[in-house]
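The next block holds one structure in the form of structure tokens; read it before the comments.
Quick note on labels: first sequence line is chain A, next is B, and so on, each numbered from 1. Just so it is clear, the model here is predicted, and its values are computed rather than measured. Both backbone and side-chain heavy atoms feed into the values below; hydrogens, waters and symmetry mates do not.
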Amino acid sequence: MLDIHFFREHFDEVKAKLATKHFACDCDAVRASDAKRLEALKAFEAARARQQAESKALASLDKTSEAFKETVRNLKVLSDETKRLEASFKAAEAEFQALWLTVPNIPDASVPIGKTSQGNKELYQRHPQNEDFSHACPHYELPNFEHGLDFARGNKVTGAGFPFYVGSVARLVRALIAFFLQSARENGYTELLPPLLVNAASATATGQLPDKEGQMYGTGDGFYCIPTAEVPVTNFFRDEIFEERDLPKKYCAYSACFRREAGSWGKDVRGLNRLHQFDKVELVQWVRPEKSFEALEALRKDAEGLLQALELPYRVLEICTGDLGFPHAKQYDLEVWAAGQQRWLEVSSCSCFTDFQARRANIRYRTAEGTLKFVHTLNGSGLAVPRVLAALLENNHLGDGRIRVPSVLKSWLLEEVIQL
RNA sequence: GGAGAGAUGGCUGAGUGGUCUAAAGCGCCUUCCUGCUAAGAAGGUAAGUCCUCAAAAGGGGCUUCGAGGGUUCAAAUCCCUCUCUCUCCGCCA
């Protein structure tokens, strides 16, 4: 969430900036609700202060005296009044909080203005040397594709979007995950293996709730299957206070991710392009506020390094205001080129949330001067497996169903070529 | 799943209706003392929020003793519900 004081004092500016995002957010209603709640708060606190002062005086009176009985009679009236004011404050507060949670983060001034993904800005492309796509083929049309990726049985066992990875493809997936984690370690990230279910408080802290409830699988008893390891990992330090000298904190985690992908359909969803369950390594950082945008660039380089090592062509997009996520202040997407499908596939999203998540998750640090401030949080995929796998299968196809394995994976996968 | 015991500040832990403005100890910070160190002395040491103030400092109000509700003029304290932790038993990868 935002800083309410900043919201009050820079109302017009905040309102204008939020309008460039595509989230429904009634700033005027928020402001009115905030004013109403403050008024109710003051009335309630004044009444409570009066009540407590009299109550303190009562304690020193003889319980059998007439003065005692008289004071109790007065206090009964005051008590009723306080309770009435407290109830109306609580109602106003609840109304405000519900509204406040629907206010998205403010986009950073550097973010390009745009209404939809059409407004995203391609910063650059990177291509490996000796790029050769002469045998490229959409991965779902490769000979014997179903041997390595069994969608039919996944469909039988669970449903659409839950494939089995078989044999050499399963080992390739495992190798990719291991490579991603190893790289993260070399870049200074501490590995976590997180819970795959989280509670509502965690999902709220990272901004999935209440905004994206429909995108998550719920267990029906208060838990949600994580849509990304970002959720458990960012919440790892929820309600905690760092010492300034301990920042930045850098953690990474591999996890399965579960997404309903409600509303997605058509050509996009073929093969590995969009799954309900997929594997991903996530990078998360907690940094000092003045370092966050610098850290975002470094984080993006960490993710880009993986694509370079895998010798995959990719491009970097700067996401515009209209395509920016709810808690995001600034975001880059990395898209890999899938030569068979002739299209770009998003494999990483690197984002700075400024203090928006930290405020919700109550993650602070003590400055050298001893004051408490909210940290800034960042995260980025490093990377999402299925689309990287799709690009490898398509770009590295040797023309006969065999797939060349990038040499960087040789520590985890002995074969230089896999056969579907 | 069954039985029992618990949840208090950075930590340990006292507190069974009103002087709780939460004891005491530990830790930490400041100052003093002392060749150095150790020891000692004095003081300080939660967070959130609202008000005051040009701002900061300072001051004041309110909230918070696992969470929520209730009883009462008044709740850390009594009652109810929930969550979590620990011990024992059962089951189990």
| query | For atom C1', what is the distance between rG90(B) and rG13(B), given to the nearest Å? | reply | 35 Å
| field | Close approaches to RNA chain B from residues 76-84 of chain A, in residue order (heavy atom, under 4.0 Å) | value | K76(A), S79(A), K83(A)
| message | Test of understanding: with side chain to side chain donor-acceptor pair (under 3.5 Å), list the residues that count as partners of E297(A), not counting sequence neighbours. | response | R300(A), Y332(A)
| query | Does R37(A) make a side-chain N or O approach to OP1 or OP2 of rU49(B) shorter than 4.0 Å? | reply | no
| query | Does the side chain of Q357(A) come under 3.5 Å of the side chain of T206(A) through a donor N or O and an acceptor N or O? | reply | no
| Regarding S349(A) and D333(A), is there a side-chain donor-to-acceptor distance under 3.5 Å anywhere? | yes
| For atom C1', what is the distance between rA75(B) and rC65(B), given to the nearest Å? | 11 Å
| Euclidean distance, atom CD of residue E54(A) to atom P of rA74(B) [Å, nearest integer] | 13 Å
| query | Can R288(A) and E244(A) be counted as an ion pair, charged N to O under 4.0 angstrom? | reply | yes
| query | Counting distance only, does the side-chain N/O of T367(A) pair as donor-acceptor with the main-chain N or O of T371(A) below 3.5 Å? | reply | yes
| field | Side chains of Y314(A) and Q308(A), donor plus acceptor under 3.5 Å | value | yes
| query | For the ring-ring contact (aromatic ring centres under 6.0 Å, His included) test, which of F236(A), Y251(A), Y365(A) pairs with W286(A)? | reply | Y251(A)
| query | Between R171(A) and E415(A), is there a salt bridge with N-O shorter than 4.0 Å? | reply | yes
| request: Write down the distance separating the C1' atoms in rG9(B) and rG15(B), rounded off to the nearest Å. | output: 14 Å
| Do N362(A) and R364(A) have side-chain N/O donor and acceptor atoms under 3.5 Å apart? | yes
| When you compare rU64(B) with rG69(B), how far apart are their P atoms, in angstrom units rounded to a whole number? | 11 Å
| message | Whole angstroms only, please: what is the CZ-C1' distance between R366(A) and rG48(B)? | response | 14 Å
| Span that lies between the C1' atom of rU34(B) and that of rA41(B), in whole angstrom | 12 Å
| said: For residues 381-396 of chain A, which residue pairs pass the salt bridge (charged side-chain N to carboxylate O under 4.0 Å, His left out) check, not counting sequence neighbours? | reply: none
| request: Would you kindly give the CG-to-C1' distance between D3(A) and rG48(B), to the nearest whole Å? | output: 13 Å
| query | Under 3.5 Å, is there a donor-acceptor pair between the K280(A) and T228(A) side chains? | reply | yes
| Interatomic distance, Y365(A) OH vs rA47(B) C1' [rounded to whole Å] | 18 Å
Nucleotide N/O to protein N/O under 3.5 Å, stretch nucleotides 15-21 of chain B:
unit_1  : atom_1 : unit_2 : atom_2 : d
rG18(B) : N7     : K63(A) : NZ     : 3.2
rG18(B) : N2     : S55(A) : OG     : 3.1

| query | Between N199(A) (CG) and rU83(B) (C1'), how many Å, whole number? | reply | 11 Å
| task | Check each of I177(A), V281(A), V347(A), L275(A) against V385(A) using the side chain to side chain contact (heavy atoms under 4.5 Å, CB included) test, and report the only one that passes. | result | I177(A)
| task | Provide the distance between the two C1' atoms, one in rG6(B) and one in rU12(B), to the nearest whole Å. | result | 16 Å
| remark: Between V72(A) and I4(A), whichever has its closest RNA chain B nucleotide further toward 5' is I4(A)
| query | For every nucleotide of nucleotides 51-68 of chain B, 5' to 3': is a protein heavy atom under 4.0 Å from its base (B), only from its sugar-phosphate (S), or from neither (-)? | reply | S---------BBS-----
| remark: Whole-Å distance, F96(A) CZ to rG48(B) P, equals 17 Å
| query | Looking only at side chains, do N273(A) and R270(A) share a donor and an acceptor under 3.5 Å apart? | reply | no
| message | Measure CG/L372(A) against C1'/rG48(B) and give the value in whole Å, please. | response | 11 Å
| Distance-only side-chain donor-acceptor flag, S202(A) / N199(A), under 3.5 Å | yes
| request: May I have the distance from E39(A) (atom CD) to rU49(B) (atom C1'), rounded to whole angstrom? | output: 17 Å
| message | At less than 4.0 Å, is any side-chain N or O atom of H5(A) found next to OP1 or OP2 of rG48(B)? Yes or no. | response | no
| field | Pairwise C1' distance, rG68(B) and rA7(B) [rounded to whole Å] | value | 15 Å
| C1' atom, rA42(B) versus rA46(B): distance in rounded Å? | 23 Å
| request: Answer yes or no: is there a donor N or O on one side and an acceptor on the other, between the side chain of K291(A) and the main chain of P248(A), under 3.5 Å? | output: no
| Runs of at least three consecutive pairs that involve RNA chain B, where pairs are Watson-Crick or G-U with distances under 3.5 Å | B:1-7 with B:83-89, B:10-12 with B:24-26, B:27-32 with B:40-45, B:46-52 with B:58-64, B:66-70 with B:78-82
